[in-house]
Amino acid sequence: MFNGKTILITGGTGSLGQSLTRRLLSTRARTIRIFSRNEEKQLEMETEFNDSRLRFLLGDIRDLNRLDRAMEDVDIVFHAAALKHVPKIEYNPFEGIKTNVIGSQNVIDACLNQNVEVSVCIGTDKAVSPLNTYGATKLLMEKLFVTANNYLNKEKYRTRFLAVRYGNVVGSSGSVIPKFIEQIKSKKKITITDPKMTRFSITMDQALDLIIDVAVSGKESEIYVPKLKAYSIMDVKDTLFEILGKTGEEIVGIRPGEKLHEILINKDEIRSSWDLGDKYMIANPLKVESEIKKMHLGKIKKIDDMETYSSDNVEKLSKAELKKTIIESGLVNYN
Ligand SMILES: NC(=O)c1ccc[n+]([C@@H]2O[C@H](COP(=O)([O-])OP(=O)(O)OC[C@H]3O[C@@H](n4cnc5c(N)ncnc54)[C@H](OP(=O)(O)O)[C@@H]3O)[C@@H](O)[C@H]2O)c1
């Protein structure tokens with residue numbers, strides 16, 4: 001799939017963008033274009049990666065002309081650029097809309113204009129029945145991507161638009177595990193919002209596996225969701241105390257816009273969701289079931305064993321698995 005291909009990653013200097021770049025450099029891709037705004041981040045990445053197949057393009061996804069030019073001769077697009085900090089977007093909603101919604105529409109337009117083969121956007125659990133503006137903007141991004149397949153007309157347009165959806169990657173900035181680690185290292189009590197809280201566990205490698213797999217085997221107009229185990233916040237606390245030593249804990253209450261459990265497929269979406277064995281797929285509800293089955297060669301079945309796909313109704317990581325996940329994330333020094 002990637003042999004000889006030209007790939008563009010919007011938000012290529014971000015944490016996902018850099019990991020994805022590393023993964024794609026291990027294929028026989030011809031060129032990988034990194035598209036983002038900040039020149040310092042690009043310079044750092046250029047020096048660190050030091051690979052002649054990389055091209056660094058300064059630009060803003062709010063600027064369609066720039067995207068159009070950047071996507072000339074591009075075969076595959078991964079759309080990872082976003083504003084993603086919930087409180088920042090709550091306070092500056094216009095900016096969230098300009099980047100996450102209008103920017104995503106520009107990415108779609110440029111893909112269509114430049115006849116890109118496949119375009120995969122990176123979604124988030126926060127888009128599911130959203131409680132905050134960030135989630136709402138990412139929901140619109142998904143909707144734009146899924147609906148963009150309406151243009152799929154073999155003579156003029158050929159881009160297959162797809163989305164993936166998952167929650168916080170273990171160890172990503174602002175997420176709970178690094179926050180607790182920081183608190184323990186500073187000898188502070190760790191701040192637990194609600195002892196009942198659960199979250200899905202996804203590592204960067206698992207996220208990359210999904211994204212690559214979807215670019216290769218996704219059909220069109222679909223949102224893909226990984227099958228994951230979950231963890232409880234109290235297990236994270238116990239595991240970190242075991243690794244780093246015990247400080248203390250304080251219950252601070254759930255924050256506005258935060259959910260007790262992470263939902264990756266809600267009750268309404270379940271009706272158009274399919275089990276593909278290693279992952280789930282939310283089909284465009286306007287598509288006919290027989291067509292969907294045909295596209296997937298019958299190797300799928302409707303989800304019929306759960307009402308919602310939520311972190312409180314899946315298997316939990318054992319404490320040993322959680323400890324391994326935290327240690328392998330490199331967030332703690334452990335000998
Ligand atoms: N981190 C997670 O745990 C997680 C979980 C689920 C989904 N996601 C989604 O995954 C994607 C990547 O997340 P991440 O953690 O890698 O984010 P990140 O580290 O904050 O990276 C964001 C990237 O987007 C670029 N960017 C921001 N605004 C832009 C604009 N207007 N035009 C062009 N580039 C722009 C940034 O570079 P410049 O600032 O230099 O432009 C940076 O390269 C996001 O769409 C996010 O919603 C993340």
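Numbering of ligands and ligand atoms starts at 1, following listing order. Predicted model, so just to flag it, every value in this text is computed and none were measured.
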Item to complete: Would you please say whether a donor-acceptor pair under 3.5 Å links the side chains of Ser129 and Asn266?
Response: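 The criterion, which ignores hydrogens and geometry beyond distance, is satisfied for Asn266 and Ser129.
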Worksheet entry | Contact residues of ligand 1 (heavy atom under 4.0 Å), by chain and number |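 Correct list: Gly11, Thr13, Gly14, Ser15, Leu16, Ser36, Arg37, Asn38, Lys41, Gly59, Asp60, Ile61, Ala80, Ala81, Ala82, Lys84, Thr99, Ile122, Gly123, Thr124, Tyr134, Lys138, Tyr166, Gly167, Asn168, Val169, Ser172.
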Worksheet item: With sequence neighbours excluded, what pairs up with Lys324 under the salt bridge (charged side-chain N to carboxylate O under 4.0 Å, His left out) test?
Response: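 Scan of Lys324 (salt bridge (charged side-chain N to carboxylate O under 4.0 Å, His left out), adjacent residues dropped) gives Glu328.
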Item to complete: Verify, without hydrogens or angle tests, whether Asn106 (side chain) and Ile61 (backbone) share a donor-acceptor contact under 3.5 angstrom.
Response: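 Answer holds: yes.
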Practice prompt. Output all residues satisfying ring pair (Phe, Tyr, Trp, His ring centres under 6.0 Å) with Phe180, sequence neighbours left out; order by chain, then residue number.
Written response: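 Scan of Phe180 (ring pair (Phe, Tyr, Trp, His ring centres under 6.0 Å), adjacent residues dropped) gives none.
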Which donor-acceptor pairs under 3.5 Å do side chains of residues 83-97 form with protein atoms, sequence neighbours excluded?
from	atom 1	to	atom 2	distance (Å)
Glu90	OE1	Thr133	N	3.1
Glu90	OE1	Thr133	OG1	3.4
Glu90	OE2	Thr133	OG1	3.1
Asn92	ND2	Lys88	O	2.9
Glu95	OE1	Arg62	NH1	3.1
Glu95	OE1	Arg62	NH2	2.9
Glu95	OE2	Lys98	NZ	3.3

Practice prompt. Mark yes when over 12 heavy atoms from residues, nucleotides or ligands other than Lys143 sit less than 6.0 Å from its NZ; otherwise mark no.
Written response: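 Not buried by this count: 12 neighbours or fewer within 6.0 Å.
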